[in-house]
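Note sheet for the following structure.
Computed from a predicted model, the values in this text were never measured in an experiment. Naming convention: chains lettered A, B, ... in sequence-line order (proteins, then strands); numbering from 1 in each chain.
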Protein chains: 2
Amino acid sequence: MNDAPSVFIVDDDEQVRSALTFLMESVGLQAESFSSAHDYLEQFNASKPGCLILDVRMPGLSGLDLQARLSAETIHPPIIIITGHGDVPMAVRAVTAGAVDFIEKPFNNQSMLDNVHRAIELDAKQRGESSRLQDIEKRYNELTPREKEVLQCVIEGKRNKIIAAEMNISQSTVEAHRSKVMDKMLADSLSDLMRMALLLKLIS
Amino acid sequence: MNDAPSVFIVDDDEQVRSALTFLMESVGLQAESFSSAHDYLEQFNASKPGCLILDVRMPGLSGLDLQARLSAETIHPPIIIITGHGDVPMAVRAVTAGAVDFIEKPFNNQSMLDNVHRAIELDAKQRGESSRLQDIEKRYNELTPREKEVLQCVIEGKRNKIIAAEMNISQSTVEAHRSKVMDKMLADSLSDLMRMALLLKLIS
DNA sequence: ACATAAATTATCATATATTCCAATTTTCCT
DNA sequence: AGGAAAATTGGAATATATGATAATTTATGT
């Protein structure tokens with residue numbers, strides 16, 4: 001799970017792949033290259049840290065297509081788009097869609113390395129946040145429907161008495177649910193629970 | 001305060017200004033144009049809603065310079081950059097720095113209007129969130145130092161007894177501070193207070 | 001039909017928080 | 001020095017939450 005970060009390189013041009021691989025390895029970065037977006041997707045593993053250098057113009061799935069696919073994933077490596085014949089609208093689209101960079105070939109080696117390092121740092125940060133979030137989501141999904149209802153009321157600041165009235169159940173029941181929620185979510189205070197609810201976007 | 005949104009146009013080219021003004025007014029949008037970034041800054045009023053169409057290449061302050069200045073403001077209209085001789089790196093920089101669009105001249109009138117409408121909607125949304133935040137900030141700043149300390153502990157989920165021990169004061173005092181905090185912040189429950197604390201970024 | 005999880009309720013004891021009240025001491029500004 | 005705001009404390013009554021324990025009723029799926 002917690003491997004060293006890789007620089008994933010997706011380009012149909014063998015020259016570019018080997019040049020980039022050489023560049024990355026020259027500074028001790030692990031590189032993995034693919035000749036098509038499809039090849040990359042096949043081995044894609046959300047838990048592998050790193051960043052992705054992606055050519056726009058490729059046979060089959062284009063770089064922007066791949067970018068769109070990856071955006072649907074909850075977590076994916078930051079994307080650096082490279083292109084031989086880029087234009088402004090394409091760059092705007094790529095960056096707006098979440099690419100961290102859009103670089104024209106031929107590129108400067110040093111600035112490429114700078115960008116890669118920045119992207120890898122960003123990935124590490126996102127990954128840390130995301131793994132915490134996934135833990136919380138996992139626990140949340142183990143709540144029963146009723147417990148989720150009570151949780152929703154709790155984070156809205158309602159008192160047990162009110163919740164009981166709204167749900168037409170006794171206060172004891174609410175207390176029971178509430179207590180289970182705290183246990184299952186591993187929350188040790190209300191504010192702790194609220195923080196989790198925020199990450200889960202249960203809050204308006 | 002709550003005026004109709006304006007389209008602010010900043011371009012040193014009189015032709016462009018009048019063309020854009022005409023375009024905006026043709027769909028019922030209010031337009032205000034300026035021949036330099038400096039002129040715009042002079043009349044800049046954070047409370048005026050709308051969006052900003054900004055030329056990059058201008059004598060004096062450039063569009064990107066103005067963008068940087070505005071980014072320092074807590075709230076500013078969304079920026080649509082327009083340019084005659086744009087290149088990819090410039091577009092990437094502008095979008096990365098927060099511009100909502102980067103459009104080359106000559107542009108398509110309809111797509112420009114679409115972008116303007118989208119930007120104005122975004123501005124309205126940001127403005128709504130921001131005014132709520134300002135209310136909360138105002139109330140927060142009326143708290144005494146001691147009350148702020150207690151608030152910090154409360155949102156960390158500490159019980160009054162613990163807070164009293166940590167601050168070396170009696171539990172009664174903590175209760176007094178806490179009660180005042182709830183009053184002053186107009187919070188009617190702990191979760192309410194937590195939500196505010198989040199917006200104030202008092203939470204890790 | 002049986003087993004299991006979920007939902008429901010209750011009681012008792014304790015711990016905490018909230019809300020009144022009133023009072024003293026500190027600090028800071030004019 | 002005088003006054004205002006802030007910080008401090010205590011008491012007493014009330015409301016709420018928590019925690020442990022136990023028991024009943026309802027689904028749910030095999």
Side-chain atoms of residues 112-120 of chain A: list all donor-acceptor pairs with protein atoms under 3.5 Å, sequence neighbours left out, distances to 0.1 Å.
residue: A:D114; atom: OD1; partner: A:Q110; partner atom: NE2; Å: 3.2
residue: A:N115; atom: OD1; partner: A:R118; partner atom: NH1; Å: 3.2
residue: A:N115; atom: OD1; partner: A:R118; partner atom: NH2; Å: 3.3
residue: A:N115; atom: ND2; partner: A:S111; partner atom: O; Å: 3.2
residue: A:H117; atom: ND1; partner: A:L113; partner atom: O; Å: 3.1

| message | I need the CG-C1' distance between A:L151 and C:dA6, as an integer number of Å. | response |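 One finds 17 Å between C1' of C:dA6 and CG of A:L151, rounded.
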| message | Assuming nearest nucleotide by heavy-atom distance, tell me which of A:V174 and A:K184 is located more 5' along DNA chain C. | response |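 Per heavy-atom nearest nucleotide, the more 5' residue is A:K184.
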| Residue mapping more 5' on DNA chain C - nearest nucleotide basis, A:K180 or A:I169 |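 Nearest-nucleotide comparison on DNA chain C picks A:K180.
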Just to verify, what does [X] make a side chain to side chain contact (heavy atoms under 4.5 Å, CB included) with, not counting sequence neighbours?
{"X": "B:N45", "result": "B:S47, B:K48"}
{"X": "B:R139", "result": "B:D135, B:I136, B:M185, B:L186, B:M196"}
{"X": "B:A124", "result": "none"}
{"X": "A:K105", "result": "A:D11, A:V16, A:D55, A:I82, A:F107"}

| Test log, rule side chain to side chain donor-acceptor pair (under 3.5 Å), inputs A:S170 and A:T173 | CA-CA 5 Å; A:S170 87; A:T173 313; 3.1 Å; yes
| query | By side-chain hydrogen bond (donor to acceptor under 3.5 Å, both in side chains), which residues pair with A:E129, not counting sequence neighbours? | reply |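 Expected list: none.
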| task | Using the ring-ring contact (aromatic ring centres under 6.0 Å, His included) rule, collect all pairs that involve residues 147-167 of chain A, keeping only residues at least two apart or in two chains. | result |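 Listed once each, the pairs would be none.
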Determine all donor-acceptor pairs shorter than 3.5 Å in which one atom belongs to a side chain in residues 22-33 of chain A; sequence neighbours excluded.
residue: A:S26; atom: OG; partner: A:L23; partner atom: O; Å: 2.6
residue: A:Q30; atom: NE2; partner: A:S6; partner atom: OG; Å: 3.2
residue: A:E32; atom: OE2; partner: A:S6; partner atom: OG; Å: 3.0

| request: Would you kindly compare B:E142 and B:T173 by the position of their nearest DNA chain D nucleotide and give the one closer to the 5′ end? | output: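 Between the two, 5'-proximity favours B:E142.
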| said: Please tell me if A:S170 has a side-chain N or O lying less than 4.0 Å from either OP1 or OP2 of C:dT9. | reply: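 True: A:S170 side-chain N/O within range (under 4.0 Å) of C:dT9 OP1/OP2.
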| message | Can you give me the bend angle of the helix from C:dA1-D:dT30 to C:dT30-D:dA1? Use the axis through the first five pairs and the one through the last five, nearest 10 degrees. | response |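 Here the helix ends are tilted 50° relative to one another.
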| request: For each nucleotide in nucleotides 13-30 of chain C, reading 5' to 3', give B when a protein heavy atom comes within less than 4.0 Å of its base, S when such contact involves only the sugar-phosphate, and - otherwise. | output: ---SSB------------
In a table with atom names and distances, give each donor-acceptor pair under 3.5 Å that connects a side chain of residues 86-102 of chain A to protein atoms at least two apart or in another chain.
residue: A:D87; atom: OD1; partner: A:M90; partner atom: N; Å: 2.9
residue: A:T96; atom: OG1; partner: A:V92; partner atom: O; Å: 2.6

| field | Distance-only polar pair, side chains of A:S62 and A:D65, donor-acceptor under 3.5 Å | value |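 On atom types as modelled, these side chains qualify, holding a pair under 3.5 Å.
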| request: Using the heavy-atom set of chain B and a strict 4.0 Å cut-off, write down the first and last nucleotide of DNA chain D that makes it in, 5' to 3'. | output: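 Counting from the 5' end, contacts occupy D:dA6 to D:dG10.
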